[in-house]
Amino acid sequence: MLSVNNLVTSYGLIKALKGVSLEAKKGAVTCILGPNGAGKTTLMFTLAGILAPDTGTVSLLDQNLTGLGAPKILRKGLALVPENRLVFPDLSVYENLLAGAFTQSRAMAAQVSDDIDKMYDRFPILKARHDQPAGNLSGGEQQMLALARALMSRPSILLMDEPSVGLSPLIVDEIFAIIKQLNEDGMSILLVEQNATKALQVADYFYLLDQGKVTFSGTPDQLKDDDIIKRAYLGGG
Ligand SMILES: Nc1ncnc2c1ncn2[C@@H]1O[C@H](COP(=O)(O)OP(=O)(O)OP(=O)(O)O)[C@@H](O)[C@H]1O
Ligand SMILES: [Mg+2]
């Protein structure tokens with residue numbers, strides 16, 4: 001459903017993506033692994049339209065997304081949960097959710113209110129904290145809020161950039177349980193992770209990004225059999 005072709009993105013003279021191609025299938029969890037500085041966030045920013053690629057194309061469900069800019073890409077159905085959550089700290093939980101629905105028209109007010117109720121059902125902690133400033137939430141709660149805010153745009157694919165980073169193991173388990181549940185409910189997900197062991201619990205297909213290039217792609221079984229990945233990511237080999 002999401003098709004990325006030969007994407008090159010630079011910061012000035014530095015090429016952070018050097019021709020990245022990948023596919024994310026409908027209904028699947030596709031995982032991108034890669035070390036610090038590999039270009040994972042650059043890839044997420046380019047797909048979401050926050051950065052413009054030098055060359056290459058991105059399409060979602062046969063719609064061209066290349067060069068459209070972030071608001072239009074969000075309207076076309078691609079939503080990003082950014083690295084480090086980036087909730088609006090001074091806005092309440094409720095206001096953060098409302099902000100996530102900015103792509104919906106005024107006529108959709110009833111639907112938006114309904115969607116917020118659905119988020120409160122899925123994430124009861126957000127309901128309990130609905131009138132608190134988002135900056136007062138714990139890291140795990142902020143991750144849930146960032147995820148719920150992204151879902152408010154009713155995406156057809158959800159991108160998540162390292163949702164487990166900086167969270168305690170118990171909270172990471174909770175986040176991955178939510179990712180699994182969302183996927184079982186039909187959401188297509190492109191997940192950036194460095195925790196390969198956790199990613200193996202949810203992902204259907206893997207790409208390894210290293211120094212701006214895809215250096216491996218394969219199924220979970222192929223990933224577990226790859227010697228380089230075993231050494232670097234799975235603590236074995
Ligand atoms: N704003 C920027 N200006 C210049 N170079 C940048 C900028 N942001 C990232 N880079 C460089 O681009 C490369 C890819 O960075 P990126 O943040 O995409 O990596 P990442 O895989 O997300 O890393 P991490 O796992 O640490 O989040 C790195 O070499 C980084 O130093
Ligand atoms: Mg990153």
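When a ligand or atom number is given, it counts from 1 through the structure's own listing order. If you're wondering where the values come from, they're calculated on a predicted model, not measured in any experiment.
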Closest protein heavy atom (residue, atom, distance) for [atom]:
{"atom": "atom 25 (O) of ligand 1", "result": "Lys40 NZ, 2.7 Å"}
{"atom": "atom 27 (O) of ligand 1", "result": "Glu83 OE2, 2.7 Å"}
{"atom": "atom 28 (C) of ligand 1", "result": "Gly37 O, 3.6 Å"}
{"atom": "atom 15 (O) of ligand 1", "result": "Thr42 OG1, 3.8 Å"}
{"atom": "atom 4 (C) of ligand 1", "result": "Tyr11 CB, 3.4 Å"}
{"atom": "atom 26 (O) of ligand 1", "result": "Asn36 ND2, 2.9 Å"}

**Prompt:** Please walk me through it: do Lys118 and Asp114 pass salt bridge (Lys or Arg N to Asp or Glu O under 4.0 Å)?
**Reply:** CA-CA 6 Å; Lys118 283 190 194 133; Asp114 205 50; 3.6 Å; yes
**Message:** Within the supplied structure, the quantity of interest is the number of heavy atoms (other residues, nucleotides, ligands) at a distance under 6.0 Å from Lys18 NZ; does it exceed 12?
**Reply:**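 Enclosed.
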**Prompt:** More than 12 foreign heavy atoms under 6.0 Å from CG of Asp62: is that the case here?
**Reply:** no
**Message:** Run the side chain to side chain contact (heavy atoms under 4.5 Å, CB included) test against Ile73 and tell me which residues pass, sequence neighbours left out.
**Reply:** Leu65, Leu68, Leu78
Under a 4.0 angstrom heavy-atom cut-off, which atoms of ligand 1 come close to [X]?
{"X": "Ala16", "answer": "12 (O)"}
{"X": "Gln194", "answer": "25 (O)"}
{"X": "Thr41", "answer": "17 (O), 18 (O), 20 (P), 22 (O), 27 (O)"}

**Residue of the set Gln143, Lys198, Glu193 for which side-chain hydrogen bond (donor to acceptor under 3.5 Å, both in side chains) holds with Ser164** =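 Between Ser164 and the candidates, side-chain hydrogen bond (donor to acceptor under 3.5 Å, both in side chains) is satisfied uniquely by Glu193.
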**Request:** Please confirm if an N, O or S atom belonging to Thr41, backbone or side chain, lies less than 2.8 Å from the Mg ion (ligand 2).
**Result:** yes
**Contact flag Asp161/the Mg ion (ligand 2), N/O/S atoms, threshold under 2.8 Å** = no
**Message:** Could you walk me through whether Gln181 and Arg122 satisfy the side-chain contact (heavy atoms from CB on, under 4.5 Å) test, starting with their C-alpha distance in whole Å, then the side-chain angles of each, then the deciding distance to 0.1 Å, before giving a yes or no?
**Reply:** CA-CA 10 Å; Gln181 187 61 55; Arg122 195 183 279 280; 3.8 Å; yes
**Asked** Does Glu162 have a heavy atom less than 4.0 Å from any atom of ligand 1?
**Response**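 It does; at least one heavy atom falls under 4.0 Å.
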**Message:** Under 4.0 Å, counting heavy atoms only: does Pro35 come that close to any atom of ligand 1?
**Reply:**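 Under 4.0 Å: yes for Pro35.
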**CG on Leu47 to OG1 on Thr66, rounded to 0.5 Å** =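 Between Thr66 OG1 and Leu47 CG, I get 10.0 Å after rounding to 0.5 Å.
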**Request:** Please round to the nearest 0.5 Å and tell me the distance separating atom OH of Tyr233 and atom CG of Asp226.
**Result:** 11.0 Å
**Asked** Would one find an N or O of Ile14, backbone or side chain, under 3.5 Å from an N or O of ligand 1?
**Response** no
**Request:** Say whether Gly39, considering both its backbone and side-chain N or O atoms, lies within less than 3.5 Å of an N or O atom on ligand 1.
**Result:**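 By distance alone, the answer is yes.
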**Prompt:** Does atom 30 (C) of ligand 1 have any protein heavy atom closer than 4.0 Å?
**Reply:** no
**Asked** Is there a donor in the side chain of Thr42 and an acceptor in the side chain of Thr9, or the other way round, less than 3.5 Å apart?
**Response** no
**Asked** Same cluster for Leu145 and Val165 if Ile/Leu/Val/Met/Phe/Trp/Tyr side chains link at under 4.5 Å?
**Response** no
